Q: 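This is the structure I want to talk about, given as structure tokens.
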Amino acid sequence: MDENPAGLPDEFLKRLKEFLPAELHDAVSETFLLPRRAAVRINPLRGDPTTIREGLIAAGVELTPVPWSEVSFSIPTAHREIASRSPASERGEVYLQSLSSQLAAVVLAPNPCDQVLDLAAAPGGKAAHLAALMQNQGLLSCVEPIRSRFFRLQANLKQQGITIARFYMTDGRTVGNKVGPRFDRALLDAPCSGEARFSTTDPSSFATWSLRKIRETSRKQIGLIKSAFQSLKPGGRLLYATCSFAPEENERVVASLLKKFPEQAGILPIDFPTRENLPGILAPNAEIPRLPGLNQFGDETFPDDLNKTLRIIPNHLYDGFYLALIEKKFGS
Ligand code: SAM
């Protein structure tokens, strides 16, 4: 295959090869040439999931189930418009959200009545998913500093029938110090370079990529993860996620937290739930394509435990994604 078929930054492709096994190079590079994969999540806060699912099918949307959730389905890219313009979507019964993004709330697994923080929340796809898993009980504090995105977040959650959310327009880096250890769960779906969303069908997705920006973003993420961790109660859990492949935005950020809180912070293994009696036929290769987090990148080494974190490898169903589940073992 052509080394750089459609103008993706050379340095980006070179780095990708440094941490992907050789047998995945071509398959992963090809995913950048495809239109983005599509998926929906059915919102049980707005109605009976079976009825909503049947309504979507009747509207012409082909739904393919996944093994780890009863309300998540991949759909053909060509059906994205039908799903997003459907009355069910207008009523907040259905939300277009990539499968990889949907894994975040599933892995963090909040309980009803928990106190949950979403530290980088707009436009609110994952916050809404957290609220659905909490059955709209407890408290969901949502932080977003960018005004236009903040209002979109509020509107999205309202549309999806969420009543447990509180909204804060502020820099997430200030939150941990301000609120202290009060949350059972925290999600940090960090602002990032978006490398895993690069698509040659949309050159603007990678037009401003640079190593300098990645280093800048990494510094911001290090401030945010510290704040998210400070906000946890003892026994609380933090999920750190990005849609970037860059080790500076992933393993380096998590390693910085382990260094800052060597006794208190522990990385947990990530398990995905599985379910039986799937309605419909499972897609071929429905297994989540994943690799362990890195222990080395160039000259930089990361603690052994970083291989408990996960890199979702893009394929025909999943976008690239990074997930790290961290526990606060004790203390304030
Ligand atoms: N979790 C969101 C969802 O599922 O819809 C997507 C979050 S997006 C990856 C990252 C968000 O972080 C953006 O909305 C961005 O504006 C916000 N952000 C940027 N700087 C921030 C900061 N200092 N504190 C908190 N959020 C920030």
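The residues of the chain are indexed from 1 along the displayed sequence. Just follow the structure's listing: the first ligand is 1, and inside any ligand the first atom is 1. Keep in mind the model is a prediction, meaning the values are calculated, not measured.
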Q: Measure from atom 23 (N) of ligand 1 to every heavy atom in T174, D171, L188, L119 and give the option owning the shortest one.
A: D171
Q: What do you reckon, does K220 put a non-hydrogen atom under 4.0 Å from ligand 1?
A: yes
Q: At a 4.0 Å threshold, what atoms of ligand 1 neighbour a non-hydrogen atom of K126?
A: 3 (C), 4 (O)
Q: With heavy atoms under 4.0 Å as the rule, classify the contact between A121 and ligand 1 as side chain, backbone, both or neither.
A: backbone
Q: Does C243 approach ligand 1 within less than 4.0 angstrom via side chain, backbone, both or neither, non-hydrogen atoms only?
A: neither
Q: Rounded to the nearest 0.5 Å, how far apart are OG of S89 and CD of E81?
A: 10.5 Å
Q: Could you see if L257 belongs to whatever hydrophobic cluster contains L232? Use Ile, Leu, Val, Met, Phe, Trp, Tyr and a side-chain cutoff under 4.5 Å.
A: yes
Q: Identify, for atom 8 (S) of ligand 1, the protein heavy atom at the shortest distance, and state residue, atom and that distance.
A: A122 O, 3.8 Å
Q: What protein heavy atom sits nearest atom 24 (N) of ligand 1, and how far off is it?
A: G172 N, 2.8 Å
Q: If the plane angle is over 60° it's perpendicular, under 30° parallel, otherwise tilted; pick one for F150 and F167.
A: perpendicular
Q: Should the ring pair F261 and F229 be called parallel, tilted or perpendicular, given that the plane angle runs from 0 to 90° and is split at 30 and 60?
A: tilted
Q: Take every heavy atom of C192, measure it against each atom of ligand 1, and state whether any distance is under 4.0 Å.
A: no
Q: Under 4.0 Å between a Lys/Arg side-chain N and an Asp/Glu carboxylate O for R290 and E287?
A: yes
Q: What atoms in ligand 1 come closer than 4.0 Å to a heavy atom of I146?
A: 16 (O)
Q: Can you say whether the rings of F12 and F245 are parallel (under 30°), tilted (30 to 60°) or perpendicular (over 60°)?
A: tilted
Q: Tell me, which protein residue and heavy-atom name are nearest atom 12 (O) of ligand 1, and how many Å apart are they?
A: A120 CB, 3.3 Å
Q: Is there a path from I57 to Y95 through hydrophobic residues (I, L, V, M, F, W, Y) whose side chains come within less than 4.5 Å of each other?
A: no
Q: Could you go step by step and tell me if E300 and R252 meet the salt bridge (Lys or Arg N to Asp or Glu O under 4.0 Å) rule?
A: CA-CA 9 Å; E300 192 169 359; R252 182 187 289 176; 2.8 Å; yes
Q: Looking at K126 and D118, is any side-chain nitrogen of the basic one under 4.0 Å from a carboxylate oxygen of the acidic one?
A: no
Q: Can you list the ligand 1 atoms lying under 4.0 Å from a non-hydrogen atom of E144?
A: 11 (C), 12 (O), 13 (C), 14 (O), 15 (C), 16 (O), 17 (C)
Q: Is R219 paired with E248 through a side-chain N to carboxylate O contact shorter than 4.0 Å?
A: no
Q: Numbering the atoms of ligand 1 from 1, which are under 4.0 Å from a heavy atom of A190?
A: 9 (C)
Q: What about L224: any of its N or O atoms under 3.5 Å from an N or O on ligand 1?
A: no
Q: Would you say ligand 1 has an N or O under 3.5 Å from any N or O of G125?
A: yes
Q: Is there a nitrogen or oxygen of D189 sitting under 3.5 Å from a nitrogen or oxygen of ligand 1?
A: yes
Q: Provide the number and element of each atom of ligand 1 under 4.0 Å from a heavy atom of G124.
A: 3 (C), 5 (O)
Q: A side-chain contact here means heavy atoms from C-beta on lying under 4.5 Å apart; do V106 and P273 qualify?
A: yes
Q: Which is closest to atom 21 (C) of ligand 1 by heavy-atom distance: P145, A128, A104?
A: P145
Q: Is any N or O atom of P123, backbone or side chain, closer than 3.5 Å to an N or O atom of ligand 1?
A: yes
